Amino acid sequence: MKKAIDIIKKYNKFLIVSHKYPDGDSIGSQIALALGLLKIGKKAYIYNEDPPTDRYSRFKRINLIHTDKKDFDEEVIFSLDSAELNRIGFIKDEIDFTKPIINIDHHISNKNFGDINIVKPYYSSTAEIIYELLNRLTELDEEIATYLYIGILTDTGSFRYPNTTSHSLRVASKLVNYGVVASQISEFIWFTDPPARIKLLGDVLQNITLHDKFSIMYVTKNMLKNHGAKEEDTNEFVDYGLTIKNVKATAMIKEREGGILKVSLRSRNDVSVQELASEYGGGGHKTAAGFTYKGDLRVLKKELEKKLERIVN
Ligand SMILES: [Mn+2]
């Protein structure tokens with residue numbers, strides 16, 4: 001942490017990147033860090049492969065997130081919430097690795113690829129780490145606190161997942177003290193579903209297969225098309241597979257273009273799905289992980305049935 005502070009003080013232009021399909025933690029951490037750097041008179045530029053999803057459209061400062069690099073000439077690169085540099089996607093090719101990289105993350109699988117690595121797997125979110133960093137740099141304010149809160153709220157599943165610790169709750173509480181209205185943030189994020197998403201959810205829940213202690217569901221390109229839904233509309237659907245009594249692990253398979261399948265895995269605290277994700281070249285956390293797979297949906301589903309059966313027993 002001390003080394004990161006020294007670098008921040010020494011340089012002026014900071015590029016902030018995060019993983020493809022950025023989630024609430026990426027977006028919240030990136031914006032909070034950018035606002036903190038701007039506040040102490042530095043230049044900051046957030047650059048991601050993908051734009052924020054519509055879920056975050058009611059937060060003003062998402063306009064700080066760019067999907068083109070323009071001519072921003074960074075001196076230092078911050079990589080947030082990304083276990084390895086490949087996770088940030090094609091924008092990796094536009095990064096000059098001779099410049100200092102500060103890697104801040106909470107994934108246990110983090111490859112420590114930075115010149116400085118602040119990796120805290122026991123933290124709920126990258127936002128929780130950014131909170132500590134910013135506290136050493138400047139005075140926090142309501143706006144910065146709002147974006148940090150978004151990160152913690154979304155990565156803890158609204159304070160329901162096992163990563164909800166006394167520390168994450170304490171940080172959230174301090175953020176509320178800066179004037180964050182917790183219920184309003186929840187409303188902005190969770191009460192904004194387009195009708196197509198709910199119709200699609202109905203279809204997806206219809207195909208859920210329930211086994212002994214695990215469940216699997218899937219969504220095809222055709223199902224999306226039938227409802228005029230986007231892939232982002234399926235985010236968090238996986239959670240429903242785990243709300244069923246006695247289910248300890250669940251998988252959600254999403255069909256993407258080009259025969260690519262994206263699999264999200266979730267588990268209860270006494271079961272880990274992380275190793276299963278790594279088996280397929282993916283990663284994540286103990287109770288929330290994922291991977292991509294090229295091949296047939298039915299074949300993969302059969303395979304996952306066998307593997308999940310083993311994990312939960
Ligand atoms: Mn995260």
Side-chain angles (χ1 to χ4, degrees), residues 1 4 16-34 36 46-53 55-56 59 62 65 77-89 91 101-114 117-134 144-165 167-172 175 185-186 189-190 232 235-236 238-239 262 264-267 269 272-274 277-278 282-291:
M1 195 73 88
I16 307 171
V17 299
S18 188
H19 55 79
K20 288 189 277 185
Y21 304 105
D23 56 17
D25 189 27
S26 324
I27 293 166
S29 299
Q30 286 183 297
I31 295 175
L33 177 59
I46 302 174
Y47 180 36
N48 287 343
E49 179 170 316
D50 301 299
T53 59
R55 217 178 250 315
Y56 301 97
F59 297 98
I62 58 162
I65 297 181
I77 298 121
F78 276 101
S79 169
L80 306 189
D81 203 44
S82 306
E84 51 191 307
L85 269 175
N86 279 332
R87 291 278 292 121
I88 72 175
I91 64 170
I101 299 178
I102 305 178
N103 164 24
I104 302 180
D105 187 25
H106 68 126
H107 292 87
I108 197 160
S109 53
N110 193 284
K111 300 277 191 286
N112 291 306
F113 54 83
N117 302 290
I118 309 176
V119 178
K120 302 192 178 212
Y122 42 91
Y123 276 30
S124 73
S125 51
T126 298
E128 223 173 294
I129 312 174
I130 299 294
Y131 168 82
E132 285 182 356
L133 180 74
L134 290 179
I144 292 175
T146 295
Y147 292 95
L148 292 173
Y149 188 89
I150 293 171
I152 298 175
L153 180 77
T154 54
D155 258 23
T156 57
S158 297
F159 306 106
R160 288 175 303 151
Y161 299 155
N163 61 358
T164 308
T165 60
H167 186 265
S168 50
L169 289 167
R170 203 170 330 121
V171 173
L175 296 174
I185 294 188
S186 290
I189 297 178
W190 303 120
E232 68 176 67
N235 289 350
E236 299 98 23
V238 63
D239 293 337
K262 162 85 177 99
S264 303
L265 301 164
R266 297 290 183 274
S267 63
N269 205 19
S272 173
V273 285
Q274 196 192 336
S278 329
H285 308 279
K286 182 184 170 192
T287 58
F291 64 90

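These numbers come from a predicted model, not from an experiment. Note that ligands are numbered from 1 as they come in the structure, with each ligand's atoms numbered from 1 the same way.
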Check against side-chain hydrogen bond (donor to acceptor under 3.5 Å, both in side chains), D155 and Y123: CA-CA 10 Å; D155 258 23; Y123 276 30; over 6 Å; no
Intermediate values then yes/no, side chain to side chain contact (heavy atoms under 4.5 Å, CB included), F78 and V17: CA-CA 6 Å; F78 276 101; V17 299; over 6 Å; no
Any side-chain donor near an acceptor of the partner, N163 and H106, under 3.5 Å: no
Tally, protein N/O/S atoms nearer to the Mn ion (ligand 1) than 2.8 Å: 4
Pairwise side-chain contact, P22 with D50, heavy-atom cut-off 4.5 Å (strictly under): yes
Charged N-O contact under 4.0 Å between K120 and E128: no
Sidechain-backbone polar pair: N103 side chain, N117 backbone, donor-acceptor under 3.5 Å: no
